[in-house]
Amino acid sequence: MFSGSKHQPFSTQENHLMQIQLNTDSSVQGSDSMNEWVQRELTERLARFRDHITRIEVHLSDINGDKGGELDKRCLLEVRLAGRQPMAVTHVAGKVADALTGACEKLQHALDTALGRERDAKRRDTIRGA
């Protein structure tokens, strides 16, 4: 379903390596500049989770293909966390950028909830305070 795959590890801060892989379908043009933009956006937006995330797979697609449509760009983010089950979120919007932004916001909330609960149960500071 997806082609134009880009697979490059991207270093965040303090030599922590977070792998980000961009996959696009035939209706979404994947380019080096798009790959760089996606890497920058995810690295900045998910920086506070960098110690937990080992890999992120980004799937960008046009769900209507050539048919067109108002809300037809989909972003699926699948995140691999160290020592935990993978998590996935999806968002549909009219533009690829809006789809990525919406999916990032959903992922931030999901990570806050999952990792925050884990820390709360251990009676430590929550990730929300980080």
Side-chain angles (χ1 to χ4, degrees):
M1 177 169 176
F2 293 96
S3 62
S5 177
K6 302 279 184 185
H7 175 67
Q8 298 176 350
F10 192 75
S11 178
T12 58
Q13 298 173 3
E14 301 169 7
N15 295 327
H16 180 79
L17 202 59
M18 180 168 54
Q19 251 181 1
I20 300 174
Q21 180 177 340
L22 173 62
N23 300 289
T24 60
D25 72 3
S26 60
S27 298
V28 176
Q29 298 300 317
S31 65
D32 287 340
S33 61
M34 177 182 274
N35 187 45
E36 290 170 11
W37 171 73
V38 167
Q39 301 235 5
R40 251 190 339 270
E41 286 292 310
L42 291 176
T43 300
E44 289 173 13
R45 291 177 180 270
L46 302 175
R48 65 188 166 130
F49 304 108
R50 71 180 177 267
D51 293 336
H52 300 279
I53 297 173
T54 59
R55 178 184 173 101
I56 304 172
E57 289 189 35
V58 182
H59 300 275
L60 298 173
S61 60
D62 185 330
I63 55 179
N64 292 335
D66 294 336
K67 296 178 205 170
E70 212 170 289
L71 298 176
D72 65 344
K73 304 299 188 267
R74 181 181 68 178
C75 178
L76 169 71
L77 298 178
E78 183 177 345
V79 178
R80 308 282 178 174
L81 300 170
R84 296 180 61 99
Q85 292 293 316
M87 300 175 73
V89 296
T90 187
H91 190 77
V92 177
K95 298 178 183 176
V96 171
D98 294 339
L100 179 68
T101 300
C104 279
E105 289 171 0
K106 288 180 180 180
L107 183 59
Q108 286 171 320
H109 180 71
L111 289 169
D112 270 339
T113 300
L115 298 173
R117 282 185 189 152
E118 177 181 287
R119 290 183 180 210
D120 284 343
K122 294 180 181 178
R123 299 189 185 271
R124 298 183 192 153
D125 291 336
T126 68
I127 198 160
R128 290 175 189 91

**Asked** Do Arg48 and Asp112 pass the salt bridge (Lys or Arg N to Asp or Glu O under 4.0 Å) test, and can you show the C-alpha distance, the side-chain angles, and the key distance before you say yes or no?
**Response** CA-CA 10 Å; Arg48 65 188 166 130; Asp112 270 339; 3.1 Å; yes
**Prompt:** Given His59 and Arg74, is the side chain to side chain contact (heavy atoms under 4.5 Å, CB included) satisfied, shown in steps?
**Reply:** CA-CA 8 Å; His59 300 275; Arg74 181 181 68 178; 5.8 Å; no
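- Across all their heavy atoms, Asp62 and Lys73 have their closest contact at OD2-NZ, 3.1 Å.
- Here the side chains of Arg84 and Leu115 are in contact, with some heavy-atom distance below 4.5 Å.
- Checking side-chain atoms of Asn35 against main-chain N and O of Val38 turns up no donor-acceptor pair under 3.5 Å.
- Of the inter-residue distances, the one linking Leu42 atom CG with Ile53 atom CD1 reads 8.5 Å to the nearest 0.5 angstrom.
- Between Gln19 and Gln21, every side-chain heavy-atom pair lies at or beyond the 4.5 Å cut-off.
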**Request:** Kindly determine whether Leu107 and Phe49 satisfy side chain to side chain contact (heavy atoms under 4.5 Å, CB included), including the steps that lead there.
**Result:** CA-CA 11 Å; Leu107 183 59; Phe49 304 108; over 6 Å; no
**Request:** For Arg40 and Glu36, run side chain to side chain contact (heavy atoms under 4.5 Å, CB included): C-alpha distance rounded to whole Å, both residues' side-chain angles, the deciding distance at 0.1 Å, then the answer.
**Result:** CA-CA 6 Å; Arg40 251 190 339 270; Glu36 290 170 11; 4.1 Å; yes
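- Lys95 is linked by a side-chain contact (heavy atoms from CB on, under 4.5 Å) to Asp98, counting only residues two or more places apart in sequence or in another chain.
- The nearest pair of heavy atoms linking Gly94 to Asp72 is O-OD1, 4.2 Å.
- Pro86 approaches Arg80 most closely through the heavy-atom pair CG-NH1, 3.2 Å.
- Taken to the nearest 0.5 Å, the CG atom of Leu81 stands 6.0 Å off from the CG atom of Leu111.
- Taking the side-chain contact (heavy atoms from CB on, under 4.5 Å) definition, one finds that Leu71 meets it with Val92, sequence neighbours left out.
- Between Ala93 and Ala99, the shortest heavy-atom contact is CB-N, 3.6 Å.
- In this structure, CG in Leu76 is found 13.0 Å from NE2 in His91, a value given to the nearest 0.5 Å.
- The side chain to side chain donor-acceptor pair (under 3.5 Å) test applied to Glu41 returns Arg45, not counting sequence neighbours.
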**Request:** Would you check, one step at a time, whether the test side chain to side chain contact (heavy atoms under 4.5 Å, CB included) holds for Leu60 with Met34?
**Result:** CA-CA 11 Å; Leu60 298 173; Met34 177 182 274; 3.9 Å; yes
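- Closest approach of Ser61 and Asp25 over heavy atoms only: CB-OD2, 3.2 Å.
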